[in-house]
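Presented below is the structure to which this report refers.
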Number of protein chains: 2
Amino acid sequence: MVKSNTFHHGDLKRALYDVALSLLDQHGVSGVTIRAVARAAGVSHSAPVNHYKDRRALLTAIAQGQFEFILNEIETSLNKLDKLGIAPTEQKDRIKVFANAIMDFGFSYPHRYQLLWRADLIDHEDPALLVVMDKVYDKLCFEIERGMPDANVDKDTVAVALWSMAHGYVDMRLSGMFSPLDDTVIDKPRRYAMLELFLTVLT
Amino acid sequence: MVKSNTFHHGDLKRALYDVALSLLDQHGVSGVTIRAVARAAGVSHSAPVNHYKDRRALLTAIAQGQFEFILNEIETSLNKLDKLGIAPTEQKDRIKVFANAIMDFGFSYPHRYQLLWRADLIDHEDPALLVVMDKVYDKLCFEIERGMPDANVDKDTVAVALWSMAHGYVDMRLSGMFSPLDDTVIDKPRRYAMLELFLTVLT
DNA sequence: GAGTCAATATAGACAGCGTCAATATTTTGA
DNA sequence: TCAAAATATTGACGCTGTCTATATTGACTC
């Protein structure tokens with residue numbers, strides 16, 4: 001279906017998405033301009049409007065795609081634990097999966113991660129985006145519920161607190177806080193210690 | 001020293017700062033353009049360059065000012081606790097001061113708060129900015145050290161974890177996550193519960 | 001006081017941006 | 001076959017940050 005040297009591109013919508021993602025990784029979100037994306041895709045600066053009504057729509061689509069990726073990573077990790085036949089006492093590991101998925105993604109794709117929370121650039125009311133974000137949140141609540149069925153703590157509080165800590169840590173480190181970003185020597189043990197610290201509340 | 005109707009403004013640097021802060025509160029950081037600030041200050045679009053070398057410098061100065069405000073809030077709250085002659089067992093309250101200062105500021109001045117972490121817009125290497133950020137961090141570490149002198153946990157880990165949680169919660173809520181932003185009915189108890197949850201590790 | 005120099009402000013230009021309107025081309029389907 | 005819909009182009013608008021050249025003012029020296 002993909003054509004070249006024709007007036008019609010063939011699958012421009014997909015091409016725009018891919019090119020935008022590449023520009024995002026290379027130059028950050030400020031490099032993802034409608035015109036730059038169009039240039040890189042080899043079309044005129046007004047061509048994208050037929051597929052994404054404006055810059056916001058394009059960036060929202062990308063954010064949605066990234067959340068789907070994260071959700072998929074989480075499910076993959078949980079499935080691995082399933083196959084290992086994890087003991088109930090190790091339910092903590094299932095909860096760690098969420099924090100680690102967020103942090104791994106954030107440090108692997110810093111510009112993509114930062115885009116996810118830019119309310120001025122993406123539409124957090126977008127139904128498709130809401131669906132996938134809710135899926136992640138609900139999954140986290142489910143695992144917390146399973147991990148502390150009779151603890152005297154509000155499960156939502158634990159979910160919000162854990163996600164907040166994971167997000168906050170990534171976000172602040174990506175802004176240069178705490179230690180240089182390439183300092184994985186510090187990051188790995190600290191992540192481990194932070195999660196252990198947090199999960200002591202689940203005893 | 002302030003003059004009007006003259007070629008020289010008198011205290012344009014201060015005026016630019018104030019106007020920029022006002023525009024920031026009203027329209028978010030995208031409303032703080034060099035030209036809009038100049039317009040609102042009643043000078044030409046090129047006048048600001050004499051006082052802030054570019055947009056980044058102006059926004060960095062604002063970020064520094066806000067961190068100084070937050071630091072001041074923290075010190076004020078701690079002093080209040082001092083005068084109450086707080087018991088050692090209530091050292092937790094001194095630690096809560098930091099998280100509450102961050103959250104209070106974030107929800108009171110959402111646009112200012114979001115600016116603080118925009119590495120693409122402000123210069124996190126700026127010496128004056130680094131100084132005030134370090135002051136907050138060091139103060140937090142000091143209080144944690146005081147609160148758990150012989151606990152078997154790394155103090156930096158606790159500091160990073162707490163700040164991460166506070167920042168992450170504000171940042172995500174400002175992006176529309178968890179609940180509508182004006183829902184203080186949910187926020188207050190949740191903040192309280194989150195902090196209590198977190199501080200159980202300090203027993 | 002006169003003269004000089006730095007500080008400060010202005011005006012104009014440039015390229016880049018998002019978006020809109022008018023137009024052109026291609027595909028689709030009746 | 002032919003009209004309508006989808007897709008792409010060109011050009012324009014006002015906005016942006018920043019640069020250069022120019023003008024005005026204030027402060028300091030003689």
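What you see is a predicted model; the values in this text were computed from it and never measured. Numbered from 1 within each chain, the chains take letters A, B, ... in sequence-line order. Scope of the values below: all heavy atoms of this structure, side chains included, with no hydrogens, waters or symmetry mates.
Remark: A/T33 is in phosphate contact with C/dC17, judged by side-chain N or O atoms under 4.0 Å from OP1 or OP2. Phosphate proximity of D/dA8 to A/H51: present, with a side-chain N or O under 4.0 Å from OP1 or OP2.
The pair A/E75-A/K139 counts as a salt bridge, with a side-chain nitrogen and a carboxylate oxygen less than 4.0 angstrom apart.
Side-chain contact of A/D104 with A/Y109: a donor-acceptor pair under 3.5 Å is absent, judged by distance alone. The closest side-chain donor-acceptor pair between B/Y192 and B/N100, if any, does not fall under 3.5 angstrom. A/T60 and A/Q64 form no side-chain donor-acceptor contact under 3.5 Å, judged by distance and modelled atom types alone.
Within 6.0 Å of the CZ atom in A/R14, the count of heavy atoms belonging to other residues, nucleotides or ligands does not exceed 12.
Between the CG atom of B/N50 and the C1' atom of D/dG26 there is a distance of 14 Å, rounded to whole Å. In this structure, B/I34 atom CD1 and D/dT16 atom P are separated by 11 Å, rounded to whole Å. Computed from coordinates, the B/K13 NZ to C/dT8 P distance equals 9 Å when rounded to whole Å. Between the P atom of C/dA9 and the CG atom of B/L16 lies a distance of 8 Å, rounded to the nearest Å. Residue B/D120 contributes atom CG, which lies 14 Å from atom P of D/dG17 at whole-angstrom precision. B/K53 has its NZ atom 14 Å from the P atom of D/dG17, to the nearest Å. The distance between atom OH of B/Y52 and atom P of D/dT18, rounded to the nearest whole Å, is 15 Å. Put simply, CG on A/D11 is 17 Å from P on D/dA6, counting in whole angstrom units.
Taking the nucleotide of DNA chain D with the nearest heavy atom to each of A/R35 and A/V49, the more 5' of the two is matched to A/V49.
Among the atoms of the strands shown, none is found under 4.0 Å from any heavy atom of A/R56.
For A/S44, taking side-chain heavy atoms from C-beta onward, the closest of the listed nucleotides C/dA9, C/dC17, D/dA8 is D/dA8.
Between the side chain of A/S46 and the base of C/dC20 there is at least one donor-acceptor pair of N/O atoms closer than 3.5 Å. No hydrogens or angles were tested; on distance alone, a donor-acceptor pair under 3.5 Å links the side chain of B/H45 to the base of C/dG12.
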